[in-house]
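Here's the structure, in structure tokens; my notes come after.
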Amino acid sequence: MIEKIVKLCEEPAGTRETRYCATSLESMVDFISSHLGTNNILAMSTEVEKETPEAQTYIIEEVKEKTNGKGIVCHKAAYPYAVHVCHDFGNSRTFKVSMVGADGTKVNAVSICHENTAAMNPKALPFQLLNIKPGGKPFCHFILDDQVAVVPAQDATQVAEN
């Protein structure tokens, strides 16, 4: 796994892709601010009330659109030191989704809907699972609770609620 992360961080980003491996909070903030062109940012992540050992059914209680525009997502890497792989997620819409699991567990999830997928890697998991091609239909997905979506705050609606 370490070898895979090192290779990912050392290889050049793909066409029209921006990727950065942050090894500290400071370097992550510097990259995000520089790429988004502002220090006025909104960071969102999925919040889960408690860990659940098994997959379960969830009921969606509320969906609120938070942004419509550009952004970055940072994924925690499996590495002995702090490393977050950050990349631009392009033109998208970001939502906060409140859900309740069958066992009563509450989740406030972040969902990113990719509007323009033309520049995305056709081998990426969403294209394989959904049997779609880049440049075709948009798709949405939740981010995990160890990932952070960051957007310019001026693009965000209802920032005070976050």
Side-chain angles (χ1 to χ4, degrees), residues 1 4-5 8 17-22 25 28-29 31-33 35-36 38 40-79 82-162:
M1 197 62 180
K4 182 179 175 184
I5 297 301
L8 174 71
E17 177 190 24
T18 302
R19 182 180 60 234
Y20 178 73
C21 290
L25 180 58
M28 184 189 306
V29 170
F31 167 74
I32 291 167
S33 298
H35 186 70
L36 295 179
T38 181
N40 188 14
I41 59 175
L42 172 64
M44 299 174 279
S45 93
T46 295
E47 301 166 11
V48 181
E49 182 180 53
K50 64 181 179 184
E51 281 195 40
T52 55
E54 298 175 14
Q56 62 180 307
T57 303
Y58 287 86
I59 295 174
I60 295 175
E61 293 187 320
E62 184 176 36
V63 177
K64 289 184 182 178
E65 185 171 9
K66 291 302 190 180
T67 66
N68 189 345
K70 62 183 177 178
I72 293 172
V73 68
C74 295
H75 307 264
K76 183 179 178 185
Y79 201 76
V83 174
H84 284 79
V85 179
C86 301
H87 61 92
D88 185 320
F89 57 73
N91 187 32
S92 60
R93 295 170 65 194
T94 307
F95 297 86
K96 274 288 207 168
V97 181
S98 299
M99 303 183 286
V100 176
D103 70 353
T105 301
K106 294 181 182 182
V107 177
N108 288 311
V110 175
S111 176
I112 298 172
C113 296
H114 299 274
E115 301 289 319
N116 181 354
T117 62
M120 296 179 129
N121 181 348
K123 294 179 182 175
L125 187 59
F127 297 114
Q128 305 305 312
L129 292 174
L130 300 171
N131 197 26
I132 59 176
K133 295 184 186 317
K137 297 177 182 177
F139 67 85
C140 301
H141 62 88
F142 291 111
I143 66 169
L144 301 175
D145 59 354
D146 66 348
Q147 301 171 345
V148 180
V150 186
V151 297
Q154 66 267 21
D155 291 349
T157 58
Q158 304 167 358
V159 173
E161 290 184 21
N162 292 308

Closest non-hydrogen atom pair between [X] and [Y], with its separation:
{"X": "Ala78", "Y": "Ile5", "answer": "O-CG1, 3.8 Å"}
{"X": "Ile143", "Y": "Ala149", "answer": "CD1-N, 3.8 Å"}
{"X": "Ala109", "Y": "Phe142", "answer": "CB-CD2, 3.5 Å"}
{"X": "Cys86", "Y": "Ile72", "answer": "CB-CG2, 4.0 Å"}
{"X": "Val110", "Y": "Thr94", "answer": "CG1-CG2, 3.8 Å"}
{"X": "Glu47", "Y": "Lys96", "answer": "OE2-NZ, 4.0 Å"}

Look only at the side chain of [X] and the backbone of [Y], and say whether a donor-acceptor pair between them is shorter than 3.5 Å.
{"X": "Thr117", "Y": "Gly135", "value": "yes"}
{"X": "Thr67", "Y": "Gly69", "value": "no"}
{"X": "Gln128", "Y": "Pro122", "value": "yes"}

Atom pair [atom1] ([X]) and [atom2] ([Y]), whose distance is rounded to the nearest 0.5 Å:
{"X": "Ser111", "Y": "His141", "atom1": "OG", "atom2": "NE2", "value": "7.5 Å"}
{"X": "Ile112", "Y": "Met44", "atom1": "CD1", "atom2": "CE", "value": "7.5 Å"}
{"X": "Glu115", "Y": "Asn68", "atom1": "CD", "atom2": "CG", "value": "6.5 Å"}
{"X": "Ile41", "Y": "Ser33", "atom1": "CD1", "atom2": "OG", "value": "5.0 Å"}
{"X": "Leu42", "Y": "Lys66", "atom1": "CG", "atom2": "NZ", "value": "8.0 Å"}
{"X": "Cys21", "Y": "His87", "atom1": "SG", "atom2": "NE2", "value": "10.5 Å"}

**Asked** Just wondering, are more than 12 heavy atoms of other shown residues or ligands nearer than 6.0 Å to CD1 in Ile59?
**Response** no
**Asked** Hey, are the side chains of Leu144 and Lys76 touching, using non-hydrogen atoms and a 4.5 Å cut-off?
**Response** no
**Request:** With the side chain counted from C-beta on, respond yes when Thr46 and Gln147 share a heavy-atom pair under 4.5 Å apart, and no when they do not.
**Result:** no
Would you list the atom pairs, donor with acceptor, under 3.5 Å between side chains in residues 98-107 and any protein atom, with sequence neighbours excluded?
unit_1 : atom_1 : unit_2 : atom_2 : d
Ser98  : OG     : Asn108 : OD1    : 3.0
Asp103 : OD1    : Gln56  : NE2    : 3.2
Asp103 : OD1    : Thr105 : N      : 2.9
Asp103 : OD1    : Thr105 : OG1    : 2.7
Asp103 : OD2    : Thr105 : OG1    : 3.2

**Request:** Using the disulfide (SG to SG under 2.5 Å) rule, collect all pairs that involve residues 100-141, keeping only residues at least two apart or in two chains.
**Result:** Cys113-Cys140
